[in-house]
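Because only heavy atoms are used, hydrogens play no part in the values below, and waters and symmetry mates are left out as well, while side chains stay in. Residue numbers start from 1 in every chain, and the chains themselves are labelled A, B, ... in the order their sequence lines are given, proteins ahead of strands. The structure displayed is predicted, hence computed values, not measured ones.
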Amino acid sequence: MNDLFEKIYALARAIPFGKVTTYGQLGAMVGLSDMRHVGDAMNACPDDVPWQRVINARGAISLGGATGSKQRARLEEEGVVFDENGRVDFAEVGWIPNGEWLEANGYKQPPPLVKEIRGNKGNDAAQLSLF
DNA sequence: CTGATGACGAGCG
DNA sequence: CCGCTCGCCATCA
């Protein structure tokens, strides 16, 4: 277990109820280039980490099987809505971390959460403003 | 020690 | 939208 994992966990714990973020986002904030480790961290996360609020860049759950359906169920309990494609609307539930909080805790400013979802260049979900 | 694997993402076709 | 490659590294067989 290293500091990087702890940093990731701390960020994950900061995600508000009913909001979600992406692996890439967390990775960027802790200075990671290989986002696989974010997944690794979640895989080994303590019980007090709301790992269900971390999904992939496409706005979908990356897991299959029981764990995946459990994640979706837990998110839906928080009011997160999934479309028919199994994706959430970042404009609705995307977590916009507070810049001051990030700086105060030694994290980097993340790039905009919603880039261009493949084939869905900046319409609906791309309207996230950084404030 | 070596090699395969993976809760991922960007870039390209 | 789909599929493939590569990056980059902890973990496991």
Side-chain angles (χ1 to χ4, degrees):
Chain A
M1 197 60 80
N2 58 52
D3 300 335
L4 206 54
F5 277 37
E6 283 307 319
K7 285 175 135 186
I8 293 172
Y9 296 149
L11 276 174
R13 292 190 188 97
I15 304 172
F17 182 94
K19 295 290 183 181
V20 300
T21 190
T22 67
Y23 297 98
Q25 191 85 113
L26 294 181
M29 291 189 276
V30 298
L32 255 183
S33 56
D34 185 358
M35 308 315 177
R36 281 182 173 153
H37 294 300
V38 181
D40 287 338
M42 289 301 107
N43 183 41
C45 76
D47 291 335
D48 65 321
V49 174
W51 56 272
Q52 73 271 21
R53 296 178 192 146
V54 183
I55 59 183
N56 65 29
R58 295 172 2 218
I61 287 174
S62 301
L63 285 166
T67 315
S69 40
K70 179 179 174 183
Q71 177 172 22
R72 174 167 175 162
R74 291 183 63 172
L75 285 176
E76 290 181 321
E77 278 177 43
E78 299 189 1
V80 176
V81 178
F82 289 83
D83 62 20
E84 289 138 42
N85 210 8
R87 297 191 324 210
V88 304
D89 182 1
F90 280 123
E92 239 355 94
V93 299
W95 178 43
I96 310 286
N98 179 288
E100 292 177 30
W101 183 88
L102 287 178
E103 194 171 344
N105 288 278
Y107 291 107
K108 297 184 179 180
Q109 297 292 327
L113 178 59
V114 178
K115 303 168 188 170
E116 298 164 9
I117 303 296
R118 290 181 174 188
N120 188 22
K121 288 189 178 180
N123 47 41
D124 55 6
Q127 299 308 316
L128 275 187
S129 60
L130 288 172
F131 243 72

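Residue contacts for A/N56: at a heavy-atom cut-off of 4.0 Å it reaches the sugar-phosphate backbone alone, with no base atom in range.
The shortest distance between side-chain heavy atoms of A/V88 and A/V20 falls below 4.5 Å.
Checked against the 6.0 Å centroid threshold, A/F90 and A/W95 do not count as a close aromatic pair.
Under the 6.0 Å distance and 45° angle rule, A/R72 counts as a cation-pi partner of A/F82.
If you measure from atom CD of A/Q25 to atom C1' of B/dA7, you get 17 Å, rounded to the nearest angstrom. A/F5 has its CZ atom 5 Å from the P atom of C/dT11, to the nearest Å. A/D34 has its CG atom 11 Å from the P atom of C/dG7, to the nearest Å. Residue A/M35 contributes atom CE, which lies 8 Å from atom C1' of B/dC8 at whole-angstrom precision. The CG-C1' distance, from A/L4 to C/dC9, rounds to 11 Å in whole Å. One interatomic measurement links the two molecules: CH2 of A/W51 to P of B/dC8, which rounds to 13 Å at whole-angstrom precision. Atom P of nucleotide B/dA7 and atom OH of A/Y9 are separated by 15 Å, given to the nearest angstrom. The CG atom of A/N43 sits 17 Å away from the P atom of B/dT5 (whole-angstrom rounding).
In this structure, A/R58 does not reach the B/dA7 phosphate: none of its side-chain N or O atoms is under 4.0 Å from OP1 or OP2.
Between the side chains of A/E78 and A/Q52, at least one donor-acceptor pair of N or O atoms lies under 3.5 Å.
For A/S33 and A/N85, each mapped to the nucleotide of DNA chain C holding its nearest heavy atom, the one lying further toward the 5' end belongs to A/N85.
Judged by distance alone with a 3.5 Å cut-off, a donor-acceptor contact links the side chain of A/R36 to the base of C/dG7.
The side chain of A/A57 lies closest to B/dA10 when the candidates are B/dA7, B/dA10, C/dC9.
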